[in-house]
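The figures that follow rest on heavy atoms only: side chains count, while hydrogens, waters and symmetry mates do not.
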Amino acid sequence: MKGETEAYAQLMSQYRGMALAVAYNRLGDTFWAEDVVQEAFTEAFGNLSKLEAPEAFPGWFKVIVERQCYRWLRRKQHTMIPVQELEHVFHEEDQSHNPEKQAVQNEMHRTLRDSIAILPSSMRIAVELFYLEGYSLKEISDFLGVKVPALKKRLFDARSKLKRSMPVRDLVSVFSDLYEGGKGLLHIMNGDHAANRLRESGIQGDILVWRELYTFGPVAKEMGDTKERQNRASVLEQQLGIPQAEYLKIEELERKLNSFQQYKEIVLWFEYDLYDQTMLSYLLHYFRGQALQNTKLNLLCIDSYPEIEHFRGLGQLTSTQIERLSGSWHVIEKNELQAGAQFWQAYTSTDFRHHLDYLQADTSALPFAKAAFKAHLSRLPSVSNGLGLIEQTTLETIRAGVERPYPLFREVGDKLHILGMGDLEYWAHLKRMTEGPHALLQMSGATTFPNFKQHDEKFRDGILSLTELGIQVLNGEVDWALLKQDEFWIGGLHNASGKQARWRWNPASETVVEIESTS
């Protein structure tokens, strides 16, 4: 007992100042702040056994203090529950003197409470606090730790869902002062699967799926250049089987992008890997060169999700999980536009030194950029055997016993998830390793690799194995980059193999080094 008393005294000594600051900030009165803090400590000590992790006490106790503040505020300020103001929606006056009308109103209130039960928890608590309990958006923001614009967006999305299910048709007027989140809103993201989940989530706004593959083939700072675009279309058709007419549909996407000023807000939805970071950097580069006027840019870029153990992308999420991300984006600042342009300009540069300079630059404005850029350069021939990271990992995985194409793609993809590599891109890399007089791999049971236009069912049952050269290269006995004489691109870097391959990736130092030319 004595030990508990001492522990409680220590907690009061340590956290009383913090609690008083929080309470005074809410109440603006020292006397009431003291009273509320005392009540908060009483509640906390009475429930201390429910706290599983002692290190969580500060945040847990702050919530208790705030809850006690709100209780006090409700007693003092909220003598009338705002939901009663719904009587104005139905244009009924002085219903308290009319038992029949009062019964109808009570039924409407019950319907309202029952209806909001269908909402996701993040929406439901916002609706309850704002409409049923009468707290201001600022109060709710402080209490939940959610920014006011995000709360407005949640309330808007809640309205949209309730309109489809509630029998109270005139409820819409209650929301008349809220942010109309779905009007003038454009979402830009990669992947049709994720886009479909976004549509199913009920989040409002138009969706533009950006269909590009900047991690493969030739890229340039200005992708709209006619000559550069035609060259890229030709390469993608040759190596990935994408018909040029299909690739050139990007021009229609660009026309839609160029009409962005019709939207009040744009949200960019992207992920941490190289595939997404190149798209994100291109779009930030694009918007940096535009007159945004009254259009506000927002960014949601994540590398994890609480319920997903191995997060790889937004396409893994259900529509409900996507919905929970609504409003969690932030406004893009000038430094982020600059950082995106910096990434894109370095990535598309034909000068190795620009890539090296980027590794030394401050990229903190975009937290996933540095790791993605290193992943980009890790595709260069290594200093040890001339294999890029994709070839190295593929050979190691096959040698470990994974011989069939699809299990191989899954395992290599998991190991190199930082690349965000899709199957179409991987088959092209795999095909490159099996071709020519210096093949690293051989495949039995299948003769063709899938591409955009064709797929051989026999490919699924093919067996891959290392050639004798593949074994020698993997053992570090032969430098593959000195032998391979084909055309390929790593960002803006062209033909980085052959006897002119002076620039190599050093996995140990995670940087590019220059070696003496053997020509």
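A salt bridge is defined here as a Lys NZ or Arg NE, NH1 or NH2 lying under 4.0 Å from an Asp or Glu carboxylate O, and Glu200 with Arg197 meets this definition. The pair Arg432-Glu435 fails the salt-bridge criterion, with no side-chain N (NZ, NE, NH1 or NH2) lying under 4.0 Å from an Asp/Glu carboxylate O. A salt bridge links Arg229 with Glu254: the closest approach of a Lys/Arg side-chain nitrogen to an acidic carboxylate oxygen falls below 4.0 angstrom. A salt bridge does not link Glu396 with Arg399: every distance from a Lys NZ or Arg NE/NH1/NH2 to an Asp or Glu carboxylate oxygen is 4.0 Å or more.
Remark: aromatic rings of Tyr272 and His417 are close, center separation under 6.0 Å. If you look at Tyr347 and Tyr358, their ring centroids are not closer than 6.0 Å. For an aromatic pair to be called close, the ring centres must be under 6.0 Å apart, and Trp427 with Tyr406 satisfies this. The aromatic ring centres of His438 and Trp480 sit 6.0 Å or more apart. Between Phe373 and His376, a ring centre-to-centre spacing shorter than 6.0 Å is recorded.
Using a 4.5 Å heavy-atom cutoff, the side chains of Glu222 and His285 are in contact. Side-chain contact between Leu419 and Tyr275: absent, with no pair of heavy atoms (C-beta onward) separated by less than 4.5 Å. Val331 is listed as a side-chain neighbour of Lys296, based on a closest heavy-atom distance under 4.5 Å. Residues Leu466 and Leu474 form a side-chain contact, since some pair of their non-hydrogen atoms from C-beta on lies under 4.5 Å apart. Counting heavy atoms from C-beta outward, Phe343 and Leu284 have side chains that stay 4.5 Å or more apart. Annotation: side chain of Leu380 is in contact with side chain of Leu493 (closest heavy-atom distance under 4.5 Å). Considering only heavy atoms from C-beta on, Gln321 comes within 4.5 Å of Glu307 through its side chain. Contact annotation: the side chain of Glu487 approaches that of His494 to within less than 4.5 Å [non-hydrogen atoms, C-beta and beyond].
The main-chain N or O of Leu359 is found under 3.5 Å from a side-chain atom of Lys370 such that the two form a donor-acceptor pair. No donor-acceptor distance shorter than 3.5 angstrom exists from the side chain of His330 to the backbone of Asn298, with no hydrogens or angles considered. Judged by distance alone, with hydrogens and angles left aside, the side-chain atoms of Gln316 form a donor-acceptor pair with the main-chain N or O of Gly313 at under 3.5 Å. The backbone N or O of Gln204 lies less than 3.5 Å from a partner atom in the side chain of His187, making a donor-acceptor pair. Of the possible donor and acceptor atoms, none in the side chain of Ser234 sits under 3.5 Å from a partner among the backbone N and O of Asn231. Listed for the Glu271 side chain is a donor-acceptor partner under 3.5 Å among the backbone atoms of Leu314. Between the side chain of Arg404 and the backbone N or O of Asp461, at least one donor-acceptor pair lies under 3.5 Å.
To the nearest 0.5 angstrom, Tyr305 atom OH is 9.5 Å from Phe311 atom CZ. Note that OG of Ser319 and CZ of Arg324 are 10.0 Å apart. Values are rounded to the nearest 0.5 Å.
Using modelled atom types and a 3.5 Å distance limit, the side chains of Ser382 and Ser384 yield a donor-acceptor pair. Ser259 and Gln262 share a side-chain donor-acceptor pair at under 3.5 Å. Side-chain contact annotation: Thr295 with Lys264, donor-acceptor N/O pair under 3.5 Å absent. Side chains of Gln392 and Asn385: a donor-acceptor N/O pair is present below 3.5 angstrom, by distance only. Defined by atom type and a distance below 3.5 Å, a donor-acceptor pair is missing between the side-chain atoms of Gln290 and Gln261. Using modelled atom types, one finds no donor on one side chain facing an acceptor on the other under 3.5 Å when comparing Asp351 with Ser349.
Among residues two or more places apart in sequence or in another chain, the side chain to side chain donor-acceptor pair (under 3.5 Å) test is passed with Asp479 by Arg504. Among residues two or more places apart in sequence or in another chain, the salt bridge (Lys or Arg N to Asp or Glu O under 4.0 Å) test is passed with Glu333 by none. Legend: residues meeting side chain to side chain donor-acceptor pair (under 3.5 Å) with Tyr247, ordered by chain and number and at least two apart, are Glu212, Arg232. Every residue two or more places apart in sequence or in another chain that forms a ring-ring contact (aromatic ring centres under 6.0 Å, His included) with Tyr214 is listed here: Tyr282, Trp344.
The local environment of CD in Glu468 is sparse, with at most 12 non-hydrogen atoms from other residues, nucleotides or ligands closer than 6.0 Å. Summarising the local packing, CD of Glu309 is surrounded by 12 or fewer heavy atoms from other residues, nucleotides or ligands at distances under 6.0 Å. Heavy-atom contacts from other residues, nucleotides or ligands closer than 6.0 Å to NZ of Lys256 number 12 or fewer. Annotation: Asn475, atom CG; neighbour count of heavy atoms from other residues, nucleotides and ligands within 6.0 Å is above 12. The environment of NZ in Lys147 is sparse: at most 12 heavy-atom neighbours from other residues, nucleotides or ligands sit within 6.0 Å.
In terms of heavy-atom proximity, Lys453 sits nearest to Gly241 at CG-O, 3.0 Å. Closest approach of Ala439 to Thr467, counting heavy atoms only: O-OG1, 2.7 Å. Scanning both residues, Leu253 and Val209, for their nearest heavy atoms gives CD1-O, 3.6 Å. Considering every non-hydrogen atom in both Tyr426 and Ile390, the closest pair reads CE1-CG2, 4.1 Å. Considering every non-hydrogen atom in both Pro381 and Ala481, the closest pair reads CB-CB, 3.7 Å. When every heavy atom of Pro405 is checked against every heavy atom of Gly462, the shortest pair comes out as CD-O, 3.2 Å.
For residues 421-430, the set of pairs meeting the salt bridge (charged side-chain N to carboxylate O under 4.0 Å, His left out) definition, not counting sequence neighbours, is empty.
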Handout entry: Audit row: Asp414, Arg312, salt bridge (Lys or Arg N to Asp or Glu O under 4.0 Å) steps and yes/no
Key = CA-CA 9 Å; Asp414 279 342; Arg312 297 292 182 260; 3.8 Å; yes
Practice task
Decide yes or no on salt bridge (Lys or Arg N to Asp or Glu O under 4.0 Å) for Lys249 and Glu252, but give the supporting numbers first.
Solution key: CA-CA 5 Å; Lys249 289 180 180 178; Glu252 175 58 28; over 6 Å; no
Practice task
Starting from the C-alpha separation in whole Å, work towards a yes-or-no answer on side chain to side chain donor-acceptor pair (under 3.5 Å) for Gln239 and Asn451.
Solution key: CA-CA 8 Å; Gln239 298 191 13; Asn451 61 32; over 6 Å; no
Show the atom names and distances, to 0.1 Å, of all donor-acceptor pairs under 3.5 Å that link a side chain in residues 188-196 to residues at least two apart or in another chain.
| unit_1 | atom_1 | unit_2 | atom_2 | d |
| --- | --- | --- | --- | --- |
| Asn190 | ND2 | Asp276 | OD1 | 2.8 |
| Asn190 | ND2 | Asp276 | OD2 | 3.0 |
| Asp192 | OD1 | Arg211 | NH2 | 2.3 |
| Asp192 | OD2 | Arg211 | NE | 3.4 |
| Asp192 | OD2 | Arg211 | NH2 | 3.3 |
| His193 | NE2 | Gly315 | O | 3.2 |
| Asn196 | OD1 | Arg199 | NH1 | 2.9 |
| Asn196 | ND2 | Asp192 | O | 3.3 |

